[in-house]
Amino acid sequence: MKALPTRVAALFTLVLIFMFFIFPAFKVFHDSGAGMLDSKFFYTPDQAFETLKMLGSTGRSSYYFVAGIVDMIYLLIYGRLFNLLISVLAVKSIRLSHLSWVPSILDFFENLITLTMLGMYPSFNRIIAATGGVINGLKWLAAASVVLIIIALIIRTLINRFSDKKQAKQNP
């Protein structure tokens, strides 16, 4: 049980490293003004095409690497962090534990669609782009839901511990 806080801290640290160092290291997104499709919320086909166009060929090559490798590693890390936190906080709820992987699964499919669009460029399929935009939005909604579940479970755990300590003082 002692290794658990270490694993949570390590995964949380890796998530922060990806968010604040690894993804920003790909300056082409900032320099082009395009940003990553992953960071948008329910992007449209027009936004997807404009993003790919603004990136230029070098940016699209970088994006291919980011979506195909970097973000695939990242989704495993944050997915495991969510899973570990929910597994610990909701010990008896296998459903909640499985739910923790939904944002990562959606992110995986979003990455596949992004890779498809990058591989097709300059050709463009609006249906593929629209599907990517919907999956993107669902990913963000799922991630927010999982974070809210984790926060609720933390609050519940703290209330239960406070209540248990209060009862222990009243019934020595």
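Please read all numbers here as calculations on a predicted model, not as lab measurements.
Pairs of residues two or more places apart, or lying in two chains, that qualify as side-chain hydrogen bond (donor to acceptor under 3.5 Å, both in side chains) and include a residue from residues 138-150 are Glu110-Lys139.
Taking the side chain as every heavy atom from C-beta outward, Phe23 and Phe29 never approach each other to under 4.5 Å. The closest side-chain heavy-atom distance from Asp38 to Tyr63 is below 4.5 Å.
Smallest separation of non-hydrogen atoms from Ala142 and Val102: CB-CG1, 3.8 Å. Val146 approaches Ser100 most closely through the heavy-atom pair CG2-CA, 4.2 Å. In terms of heavy-atom proximity, Arg156 sits nearest to Ala90 at NH2-CA, 4.1 Å. Closest approach of Leu106 and Ile135 over heavy atoms only: O-CG2, 3.2 Å.
A continuous path of Ile, Leu, Val, Met, Phe, Trp and Tyr side chains, each step under 4.5 Å between heavy atoms, connects Leu85 with Ile159, placing both in one hydrophobic cluster. Cluster annotation: Tyr43 is not connected to Ile127 through the hydrophobic network of ILVMFWY side chains, with a link wherever side-chain heavy atoms come within less than 4.5 Å. Residues Leu158 and Val8 fall within the same hydrophobic cluster, defined by Ile, Leu, Val, Met, Phe, Trp and Tyr side chains chained together at heavy-atom separations under 4.5 Å. Both Ile150 and Leu16 are assigned to one and the same hydrophobic cluster, defined by single-linkage of ILVMFWY side chains at heavy-atom distances under 4.5 Å. Each of Val88 and Leu148 belongs to its own hydrophobic cluster when Ile, Leu, Val, Met, Phe, Trp and Tyr are linked at side-chain heavy-atom distances under 4.5 angstrom.
Asp31 is linked by a salt bridge (Lys or Arg N to Asp or Glu O under 4.0 Å) to nothing, counting only residues two or more places apart in sequence or in another chain. Applying the salt bridge (Lys or Arg N to Asp or Glu O under 4.0 Å) test to Arg126 and every residue at least two apart in sequence or in another chain returns Asp46. Not counting sequence neighbours, the partners of Val28 by the side chain to side chain contact (heavy atoms under 4.5 Å, CB included) test are Ser62.
Note that the CG atom of Leu153 and the CG atom of Asn160 stand 10.5 Å from one another [nearest 0.5 Å]. The structure places CG of Leu37 at 7.5 Å from CG of Asn136, a figure rounded to the nearest 0.5 Å. Once rounded to the nearest 0.5 Å, the distance linking CG of Leu89 with CD1 of Ile86 reads 8.0 Å. The line from OG of Ser87 to CG of Leu4 is 9.5 Å long, rounded to the nearest 0.5 Å.
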- Message: The test is side-chain contact (heavy atoms from CB on, under 4.5 Å); show your working for Thr114 and Met36 and say whether it passes.
- Response: CA-CA 10 Å; Thr114 299; Met36 292 176 64; over 6 Å; no
- Task: Please assess Phe82 against Val147 for the test side-chain contact (heavy atoms from CB on, under 4.5 Å), listing each intermediate value before the final yes or no.
- Result: CA-CA 8 Å; Phe82 286 168; Val147 169; 3.9 Å; yes
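Other residues, nucleotides and ligands contribute only 12 or fewer heavy atoms inside 6.0 Å of the CZ atom of Phe12. In this structure, Phe41 places its CZ atom where more than 12 heavy-atom neighbours from other residues, nucleotides or ligands lie under 6.0 Å away.
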Name each donor-acceptor pair under 3.5 Å that joins a side chain in residues 66-79 to protein atoms two or more places apart or in another chain, with its distance.
residue: Asp71; atom: OD2; partner: Asn111; partner atom: ND2; Å: 3.1
residue: Tyr78; atom: OH; partner: Pro103; partner atom: O; Å: 3.3
residue: Tyr78; atom: OH; partner: Asp107; partner atom: OD2; Å: 2.9

Show me the donor-acceptor pairs within less than 3.5 Å that the side chains of residues 49-56 make with the rest of the protein, sequence neighbours left out.
residue: Thr51; atom: OG1; partner: Gln47; partner atom: O; Å: 2.8

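Here the side chain of Asn125 pairs no donor or acceptor atom with the backbone of Met117 at under 3.5 angstrom.
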